[in-house]
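First up is the structure itself, then whatever we jot down about it.
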Amino acid sequence: MCNRCSTDPRDAVGEAERALLGLRILVSELPPGTGADTSTLGALLGLIHDRLEPAAEKLQDYIPRD
């Protein structure tokens, strides 16, 4: 944990992962013809989320070395 941080930085990673998941779900539910290429955007969000999610889970038990 950061000696100068008032909160645990791991919380921010968890919050970002949940926010990205919500955005991914929202984009996947957009109706066709909304002006956005939802399949490409959804795929991109999926790639990012699939990489971030395991990292966020592993950080929950992470103990920094001295």
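Residues take their numbers from the sequence shown, with the count starting at 1.
For residues 39-54, the salt bridge (charged side-chain N to carboxylate O under 4.0 Å, His left out) pairs, not counting sequence neighbours, are R24-D50.
A search for side chain to side chain contact (heavy atoms under 4.5 Å, CB included) contacts involving I48 returns L20, L44, not counting sequence neighbours. For L23, the side chain to side chain contact (heavy atoms under 4.5 Å, CB included) partners at least two apart in sequence or on another chain are V27, L45. Partners of E15 by side chain to side chain contact (heavy atoms under 4.5 Å, CB included), not counting sequence neighbours, listed by chain and number: D11, R18. For L26, there are no side chain to side chain contact (heavy atoms under 4.5 Å, CB included) partners at least two apart in sequence or on another chain.
L21 belongs to a hydrophobic cluster whose remaining members, ordered by chain and number, are I25; membership requires side-chain heavy atoms of ILVMFWY residues under 4.5 Å apart, directly or through intermediates.
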